[in-house]
Chemist: 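What follows is a single structure, and I will ask about it in a moment.
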2 protein chains.
Amino acid sequence: MLTDRQLLILQVIIDDFIRSAQPVGSRSLSKKSEIQYSSATVRNEMSDLEEMGFIEKTHTSSGRVPSEKGYRFYVDHLLSPQALQQQDISQIHSIFAERIFEMENIVQRSAKILSELTNYTSIVLGPNLQENRVKKVQIVPLSEGTAIAIIVTDTGHVENRRFSLPNGMNADEIEKMVRVLNDRLVGTPLMDLHDRLYQEMANLLKRRIANYDLMLQAFAEIMNVPIHDKLFFGGKMNMLNQPEFSDIEKLRLLMDMIEREENLYKLIRPSEGVGIQVKIGKENDNIAMENCSLITATFPVASGQRGSLAILGPTRMEYSRVISLLNVISTDLSKALSSLYEESEE
Amino acid sequence: MLTDRQLLILQVIIDDFIRSAQPVGSRSLSKKSEIQYSSATVRNEMSDLEEMGFIEKTHTSSGRVPSEKGYRFYVDHLLSPQALQQQDISQIHSIFAERIFEMENIVQRSAKILSELTNYTSIVLGPNLQENRVKKVQIVPLSEGTAIAIIVTDTGHVENRRFSLPNGMNADEIEKMVRVLNDRLVGTPLMDLHDRLYQEMANLLKRRIANYDLMLQAFAEIMNVPIHDKLFFGGKMNMLNQPEFSDIEKLRLLMDMIEREENLYKLIRPSEGVGIQVKIGKENDNIAMENCSLITATFPVASGQRGSLAILGPTRMEYSRVISLLNVISTDLSKALSSLYEESEE
DNA sequence: TTTAGCACTCAAGCTTACAGAGTGCTAACA
DNA sequence: TGTTAGCACTCTGTAAGCTTGAGTGCTAAA
């Protein structure tokens, strides 16, 4: 168990290091007003803290640097929720004050403000499209051979794809097809569309539409909405400002990781529940992120769905501030998205 | 005027520097099989070339490095069109072999292959949406207060926006509105939509629709399609591989510039004509791009529109290869987009 | 006109010296 | 027994000096 003095010293070391990115020595600590002991005493305590694995030396005679265990302890036990500046809060609220109708727009704005206020990289994952339900299907013929299929979902998302019309399909038949599709598909979640088309509708269409199979195939393909939702980024380049990435090799490794979105998706998709989760360094299970922490805020959206908002920064991150910001923004974003969704559910 | 020998030496210097990124010295040049003269002779010629401004020294006793004027001359007079590897060509063709219907998809793929084959950053600008014509307008009510407006253009582009319905607007009225809009707007270029709505349609709607003004306003706002088309990028991070950007400050400057898309838009939007344009270093009129060259290929798309494809790399770029690749890809892309457009014009 | 030779220059790498910041340990003090 | 002062020691970073190698310019001879 740590004594109060050890807690204090650990806290001050981590706070200092987060600010300066420089190893912290006993003398500079003992000069701080929070710490009333001589450097020798501090040295003894630091030696103990090191033995317990909370801090490390970069070389024999260097100051100490927080270890991952240290950060973990700091996040779990020492973090005092930092009051945000009024200015920041009102800046955030102003972003959400306008009534915005596009999910993408809201999400993109959230990513932007988050990265600007933190100077780290933000990643936002909106609610899953797969659970959206069909509101309306429309087919717009473009020319002899092709047409645009449009699906509008209950949340106002519009999905569209161009496809080849089967030979000899005329305007009448398209009309018929659209009617059947609307009769049958409205209310179906996008994730079930494919099965629905093939299982329930094949027979129905067979009776009414010539070349129904080609049409069906074309249509089923269109419905293949990607399973992974789009990730939105803010401040991808903010990592350039962090001294830990002045080594271009590390930077490249990290950037390559970010570009491969599937990886990131796994890291950010919340396993369960809502709230804030902090993953420090190797906890992320990814070599490129050894020097990084990922803080994820998962929030509820109407109808049991969840969205996530994440900040990727160096392990030497301003945890307190970032968590406060995530809390504010995720609450606002949750409200904004929920209202979009609820409106459409009536 | 340059003698043949000077031309040869200049060419070899630039080729060598493009490969190695190291200043080229007289001795290493005279060892090359292309050059049969002693290092002293080469030195004399280099001294002349420097006097004429084609090459520079980085310090008094260093080898020579091509100047911007040198690159310019190289591009204008010395470039031998490099035969691409069959492998590269077939890789490109295979990308365009599939029949793809979405403009965005095709363009994004072009950007990707281009950046992968060159290891530089690619930027693609598709044809201008503003010249697309309305094919169909649709309004899908979502809930009491809001609806989705959808415009399909003749090229198969779908634009949609959510908006608030004026109070008391019912399904019938929406139907009516849609009918009027379709009667009147089909065939209108997107760029003219706004004026059209206000000038020609205000009266028409006034007679038929209650609250027409609110509706009109809402609709006009929706039609506000951004004037700048989206830029598509490939290999944004490829700059990390270039030794000229091992200095993180230069990298940041460049990245900041890339992020401010409007800037880039100006650089890439072709002033006129089609074909390949090379801008070297300061010719780009941008501090961040002092060490960069931008090669832009402008190609025709059906109906007089043009698209552009660009490669951003260090001034020490493989001009010959990049130009060959741009030629191949822009031809393919031009065909692919044109066929999309022509289809819709019948 | 070309080349060989030579003196000269500069960058880069290596060594040495040194200051500064830090540690660990011991002995003295409250 | 906890705290502190003092001291020897260690490591980094920087600056100065030296050497090497690659390069140049110039001159004189072929």
Chemist: Encode nucleotides 13-21 of chain D as B, S and - characters from 5' to 3', where the letter depends on protein heavy atoms closer than 4.0 Å: B to the base, S only to sugar-phosphate, - to neither.
Modeler: ---------

Chemist: Could you list the donor-acceptor pairs under 3.5 angstrom formed between side-chain atoms of residues 61-69 of chain A and any protein atom two or more places apart in sequence or on another chain?
Modeler:
unit_1	atom_1	unit_2	atom_2	d
S62(A)	OG	T58(A)	N	3.0
S62(A)	OG	T58(A)	OG1	3.0
S62(A)	OG	H59(A)	N	3.3
S62(A)	OG	H59(A)	O	3.1
R64(A)	NE	E50(A)	OE1	3.1
R64(A)	NH2	E50(A)	OE1	2.8
S67(A)	OG	G53(A)	O	2.6
S67(A)	OG	F54(A)	O	3.0
S67(A)	OG	K69(A)	N	3.3
S67(A)	OG	G70(A)	N	3.0
E68(A)	OE1	K282(A)	N	3.2
E68(A)	OE2	K282(A)	N	3.1
K69(A)	NZ	M52(A)	O	2.7

Chemist: May I ask you to decide if the ring planes of Y319(B) and Y74(B) are parallel, tilted or perpendicular, using 30° and 60° as cut-offs?
Modeler: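 The rings of Y319(B) and Y74(B) stand perpendicular, inter-plane angle above 60°.
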
Chemist: Between C1' on dA11(C) and NE2 on H59(B), what's the gap in Å once rounded to a whole number?
Modeler: 5 Å

Chemist: Looking at DNA chain C, which of residues 22-48 of chain B put a heavy atom within less than 4.0 Å of it?
Modeler: Y37(B), S38(B), A40(B), T41(B), R43(B), N44(B)

Chemist: E50(B) has an atom CD; how far is it from atom C1' of dC26(D), in whole Å?
Modeler: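 My rounded result for the distance is 15 Å.
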
Chemist: Thinking salt bridges, do D247(A) and R252(A) make one under a 4.0 Å N-O criterion?
Modeler: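 Looking at R252(A) together with D247(A), the answer is no, because their closest N to O distance does not fall below 4.0 Å.
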
Chemist: Is K250(B) salt-bridged to E244(B), going by a charged N under 4.0 Å from an acidic O?
Modeler: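 Salt bridge flag = no for E244(B) with K250(B).
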
Chemist: I9(B) has an atom CD1; how far is it from atom C1' of dG23(D), in whole Å?
Modeler: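 Answer to the nearest Å: 16 Å.
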
Chemist: State whether the side chain of S308(B) and the backbone N or O of A297(B) hold a donor-acceptor pair below 3.5 Å, judged by distance alone.
Modeler: no

Chemist: Starting at CZ of R64(B) and ending at C1' of dT9(C), how long is that distance when rounded to a whole Å?
Modeler: 13 Å

Chemist: Considering only NZ, NE, NH1 and NH2 on the basic side and carboxylate oxygens on the acidic side, decide whether K236(A) and E259(B) come within less than 4.0 Å.
Modeler: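 Salt bridge flag = no for E259(B) with K236(A).
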
Chemist: Between dA21(C) and K57(A), is there an OP1 or OP2 to side-chain N/O distance shorter than 4.0 Å?
Modeler: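 For K57(A), the contact criterion (side-chain N or O under 4.0 Å from OP1 or OP2 of dA21(C)) is not met.
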
Chemist: So, does T121(B) use its side chain to make a donor-acceptor pair with the main chain of G235(B) at under 3.5 Å?
Modeler: yes

Chemist: Just how far, in rounded Å, is P of dG23(D) from CZ of F17(B)?
Modeler: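 That distance rounds to 14 Å.
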
Chemist: Distance only, no hydrogens: is a donor on one side chain within 3.5 Å (strictly under) of an acceptor on the other, for R43(B) and S26(B)?
Modeler: yes

